[in-house]
Amino acid sequence: MTIYKLDNLLDQFNKGWIKVTTNDGRLINLPYSTQVTRSKNLFKVVDGFHKNIKFGLSDKQIGLYIRKQTTSMSKINLTLHLSSKILEVPKVGRFKILFEKEKIQLGTYKLLIPFYPHDKNPKIHSDEKSGGSRFASTWFQLSNPKFVLKDTFLHLGTYSEGCLTFPYTKNGNSGKNWYKLYFTLINSRVDSHSLSFLNVVV
Amino acid sequence: MYLIYEYIGLIILTLLLIHVFYYAFKMNWPQLYFSTDDQFSFYISTTPQRYIAFRLLPVFVIISVLFGINRIPNLYNAGLLGFFIGIVHSILTNFTALIKIRIHSKSVANFRNKPTQVLIHVVSIISISITGTIAGIFSTTTPARMLIPTQQGLIDNIWSSILTALFVIFFYKIYESNRISENIVFQNTLEMIPVDVIKFIDEYSSKNNADNNLIKAIAIVESLERPLWFRRLEYFKSIFIRHGSYGIMQIKSNIYLNDIESVKLAIDKYFKNTPKISSSEDINKIIQDYNKNIKYIDSVIRAYNHLSPINF
């Protein structure tokens with residue numbers, strides 16, 4: 001079965017997401033790089049939260065956003081140092097992260113494929129002229145079968161409420177760095193639900 | 001009997017009103033014959049009917065109405081005056097633009113297809129002059145006399161017209177403030193490009209190690225300048241004059257090229273094995289051989305940034 005992916009969604013208009021109608025009439029959002037299989041104009045999601053859901057696209061949308069998956073997706077491991085609060089992203093860089101130490105336990109987590117765009121960020125976080133990123137609405141959820149994790153995300157923001165917050169700095173490089181991290185993560189897969197591992201170490 | 005100074009006054013008033021009309025829309029015209037940065041210009045350039053209506057209709061209406069109000073008695077005089085106004089208006093606008101193109105003025109965006117750019121201005125000069133003549137003649141006909149009030153009739157209606165004008169300004173201001181963002185203009189233009197062309201850009205770029213978003217950004221900017229209907233007109237032009245710039249990428253050729261052929265040639269000639277783009281300066285370097293115009297490059301950079309973030 002040929003695998004396709006959702007492509008060409010990194011523009012300022014789509015901001016990494018496409019809204020589609022499922023075959024049972026619901027509207028759902030799928031992120032850039034979601035893998036799908038195709039039967040004419042009907043598609044079936046191969047990975048992520050919406051796995052196995054079927055949806056339709058118009059010919060125009062297919063022409064614009066559906067491309068064959070020609071290369072295998074990379075696998076990456078992120079490392080978070082609790083003491084220094086540094087997030088290490090291979091081939092991308094090391095970034096200081098905001099979080100409350102007592103809320104993050106040592107261990108190996110997975111970062112899940114995002115399944116809806118968050119609208120909690122202030123508008124300025126999406127403004128690339130002010131140090132924001134068009135991908136500010138994409139938050140990456142942490143998962144670990146051993147711990148109960150309620151709504152813990154890696155995201156661009158200004159303060160932490162239990163999340164791992166990639167700090168937004170007005171007129172700084174936060175948007176550019178967030179894009180590097182976003183692009184690396186969104187093009188990576190460790191399984192059909194997760195983008196990457198996150199090792200939390202001392 | 002009309003006196004010479006009355007004719008001169010009428011000519012000045014008509015030219016002024018035509019100027020005020022275009023000024024009200026704040027067009028970057030005549031330097032560009034299509035503008036790319038606001039909703040109104042985008043709306044106009046989408047179809048030939050809208051474009052022609054925007055260029056010729058105001059000239060026709062203003063001349064007909066002003067001549068009609070003043071009841072110019074002689075058909076010959078009215079036609080001659082209309083022609084004169086048309087030619088002066090087009091000299092002040094299109095001809096100025098032609099000179100600017102000739103001297104490579106920085107206020108004019110030089111696009112790849114300069115002969116077409118020149119041709120548009122020449123055709124505009126001729127068509128506006130003809131429109132002026134027809135409007136002048138029309139103002140002396142019975143239907144025009146029935147439709148257009150006399151000076152006294154006009155004064156009688158002025159007060160009620162003021163009220164109407166206030167409403168028009170009110171609605172225009174609402175419309176003007178509803179300008180769409182550049183990103184929506186870029187996205188709408190991208191979606192107007194035929195999907196087989198978009199798919200070809202992606203596939204052929206991938207095969208030839210070219211940046212697909214750069215090719216799409218150029219296609220967006222060229223498509224804003226030459227919408228699909230305009231490129232179709234170029235096909236008819238090619239029947240008579242073969243040499244020209246063709247297709248969505250406006251590649252110079254001695255035979256007509258469709259959009260896909262122009263993309264293929266552009267990638268083969270200019271964008272094969274281009275280095276990875278990580279800054280707007282990279283785009284500037286890559287695009288130099290294709291088009292050096294600063295305004296053009298800036299538009300491509302903005303379209304590229306719309307498609308994918310740069311400066312990383």
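Heavy-atom minimum distance, Cys163(A) versus Ser160(A): O-OG, 2.7 Å. Between Val190(A) and Ile76(A), the closest heavy-atom pair is CG1-O, 4.4 Å. Taking every heavy atom of both residues into account, Leu98(A) and Thr158(A) meet most closely at CD1-O, 3.5 Å.
Proximity to chain B is absent for every atom of Phe183(A), based on heavy atoms less than 4.5 angstrom apart. Tyr65(A) touches chain B through its side chain: at least one heavy atom from C-beta onward sits under 4.5 Å away, while N, CA, C and O do not. No part of Asn173(A) comes within reach of chain B, as not one of its non-hydrogen atoms sits under 4.5 angstrom from that chain. For Asn14(A), the part sitting under 4.5 Å from any heavy atom of chain B is the side chain, from C-beta outward, and nothing else.
Remark: aromatic rings of Phe153(A) and Phe140(A) are distant, center separation not under 6.0 Å. Taking the six-membered ring wherever Trp is involved, the centroid distance between the rings of Tyr116(A) and His118(A) falls below 6.0 Å. For an aromatic pair to be called close, the ring centres must be under 6.0 Å apart, and Phe135(A) with Tyr179(A) satisfies this. Taking the ring centroids of Phe55(A) and His50(A), they lie at or beyond the 6.0 Å cut-off.
Between Trp139(A) and His155(A), the ring planes lie parallel to each other; the angle is under 30°, not in the 30° to 60° tilted range.
Residue-level contacts of residues 193-207 of chain B with chain A, in order of numbering, are Ile193(B), Val195(B), Ile198(B), Lys199(B), Asp202(B); threshold 4.5 Å between heavy atoms.
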